[in-house]
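Take a look at the structure set out below.
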Number of protein chains: 2
Amino acid sequence: MRLTTKGRFAVTAMIDLGMRHQHGPVTLAGISERQRISLSYLEQLFGRLRRQGIVDSVRGPGGGYTLARALDDISVACIIRAVDEPIDATKCGGLGNCHDDRECMTHDLWMGLNAHIYQYLESVHLGELVRKQLKKEAEEMQDGASATHKRGRHIVGSAELKAVVHG
Amino acid sequence: MRLTTKGRFAVTAMIDLGMRHQHGPVTLAGISERQRISLSYLEQLFGRLRRQGIVDSVRGPGGGYTLARALDDISVACIIRAVDEPIDATKCGGLGNCHDDRECMTHDLWMGLNAHIYQYLESVHLGELVRKQLKKEAEEMQDGASATHKRGRHIVGSAELKAVVHG
DNA sequence: ACTAATCCCGATTAAAACAGTCAACTATTC
DNA sequence: GAATAGTTGACTGTTTTAATCGGGATTAGT
């Protein structure tokens, strides 16, 4: 298992998709704009997601991507697994280029650790993430007046943070 | 949080160190040979580990590295954190280059996930790994005759596995 | 039939990270 | 003072990331 920003992009994009898939296919162009991820990069990622049977595609105008399975049937682990290379994880790929017992010993340990992380990510499903996010957005709606107002507040907040960090 | 082979190397090396630190300083040359990790790469990794206060160094003949803290006071997370770059994790580094609320939303989610993984790695301590490994080695000692014998068996096992995988 | 929207695919690239190397240096022990 | 071992910084080759480009193929709407 490997955890990089690549996987994060994929999960982010999938959350975006999960949040609107009920209104029909979601275009990569839309995700790209909302999440600020390069369209072509998304194409690469979704190519893999599609081949792994996580999303379905609809071509032509009005097309886009839809979820191939239920929201709660898609784990974070399977998203990451789909976009990251064939999880080699060990140096010798289980084939035993290990020079002797020593090496095998240590990566056994490591793989145990890996399995645990993996298991956790397997237990987190897209549905939870999407629901959490929708709830959060709803709260923000009630909370502070118009969208313009919210954005204004947000920028001020960032500026303050910057000031603190940079001295 | 990022999980790569770099972190694995560091954890592996630390287990090796943990297994022999009671007999005095352990040299990188020794770790390098036993774990088949390039000496110079280890130098880089241990430079960081030392600066993070995870290991201490002893110079001169008979020198090497020792643990700066107790075995059970060193978590896997802190090892990985030490060798991996300043865990930026988010695109905007918390400083809010985020273009608007949307982006911040998604990486909040991701960071929650991250925190969880992190928390798990924080809960696994070097002590457990070292003890587990020592126990395993002891079992192997009893189990199968001489070291040469064991090595022989291991190689045969690898050959069989290869045969299965390749055809 | 035409056009525009959309997915699909491969080649290419720039920059970063990974993994390793090298050389010169300092501190310590014998 | 010679040998051992850590310390440091610069450097290199490869892989991965992230993005770009240029073209397809498919389909809805007109």
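Heavy-atom basis, side chains included; hydrogens, waters and symmetry copies ignored. Each chain gets a letter, A, B and so on, in the order the sequences are listed, and its residues count up from 1.
Between A:L45 atom CG and C:dC7 atom P there is a gap of 14 Å when expressed in whole angstrom units. Atom CD1 in A:I37 sits about 13 Å away from atom P in D:dT20, given to the nearest Å. Between A:Q52 atom CD and C:dC8 atom C1' there is a gap of 17 Å when expressed in whole angstrom units. One interatomic measurement links the two molecules: CD1 of A:I31 to C1' of C:dA5, which rounds to 16 Å at whole-angstrom precision. Atom CZ of B:F46 and atom P of D:dA5 are 15 Å apart (whole Å). Here C:dC18 presents its P atom at 12 Å from CD1 of B:I80, a figure rounded to the nearest Å. Following rounding to the nearest Å, B:L42 (CG) and D:dA5 (C1') show an atom-to-atom distance of 14 Å. For the pair B:L28 CG and D:dT4 P, the computed distance is 16 Å after rounding to whole Å.
Taking 4.0 angstrom as the limit, A:R50 places none of its side-chain polar atoms (N or O) nearer than this to OP1 or OP2 of C:dT6. Taking side-chain N and O atoms only, B:R51 has a distance below 4.0 Å to OP1 or OP2 of D:dT8.
Side-chain atoms of A:E43 and base atoms of C:dC7 include no donor and acceptor less than 3.5 Å apart.
DNA chain C is contacted by A:S57, A:V58, A:R59, A:G60, A:P61, A:G62, A:G63, A:G64, A:Y65 of residues 55-66 of chain A, taking any non-hydrogen atom closer than 4.0 Å.
For the atom pair CE of B:M19 and CG of B:L134, the computed distance is 4.5 Å after rounding to the nearest 0.5 Å. One distance of note links CG of B:L129 with CD1 of B:I79; it measures 8.0 Å at 0.5 Å rounding. Taking CZ of A:F9 as the start and OG1 of A:T12 as the end, the distance is 7.5 Å to the nearest 0.5 Å. Here the OH-CD1 distance, from B:Y118 to B:I80, works out to 9.0 Å after rounding to the nearest 0.5 Å.
In the model, B:S75 has a side-chain atom that pairs as donor or acceptor with a side-chain atom of B:E122 under 3.5 Å.
In this structure, the side chain to side chain contact (heavy atoms under 4.5 Å, CB included) partners of A:S32, at least two apart in sequence or on a different chain, are A:L39, A:L42. Qualifying side-chain hydrogen bond (donor to acceptor under 3.5 Å, both in side chains) partners for B:Q119, counting only residues two or more places apart in sequence or in other chains: none. Partners of A:T27 under the side-chain hydrogen bond (donor to acceptor under 3.5 Å, both in side chains) rule, at least two apart in sequence or in another chain, do not exist in this structure.
The residue B:L39 sits apart from the nucleic acid: no heavy atom pair falls under 4.0 Å. Residue-level contact check: B:S40 touches the bases, meaning some heavy atom is under 4.0 Å from a base atom.
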Close N/O contacts between protein and nucleotides 11-17 of chain D (under 3.5 Å):
residue, atom, partner, partner atom, Å
D:dT17, OP2, A:K6, NZ, 3.2

I'd like a table of donor-acceptor pairs (distance under 3.5 Å, sequence neighbours excluded) in which one partner is a side-chain atom from residues 64-72 of chain A, with atom names and distances.
residue, atom, partner, partner atom, Å
A:R69, NH1, A:D73, O, 3.0
A:D72, OD1, A:R131, NH2, 3.1
A:D72, OD2, A:R131, NH1, 3.3

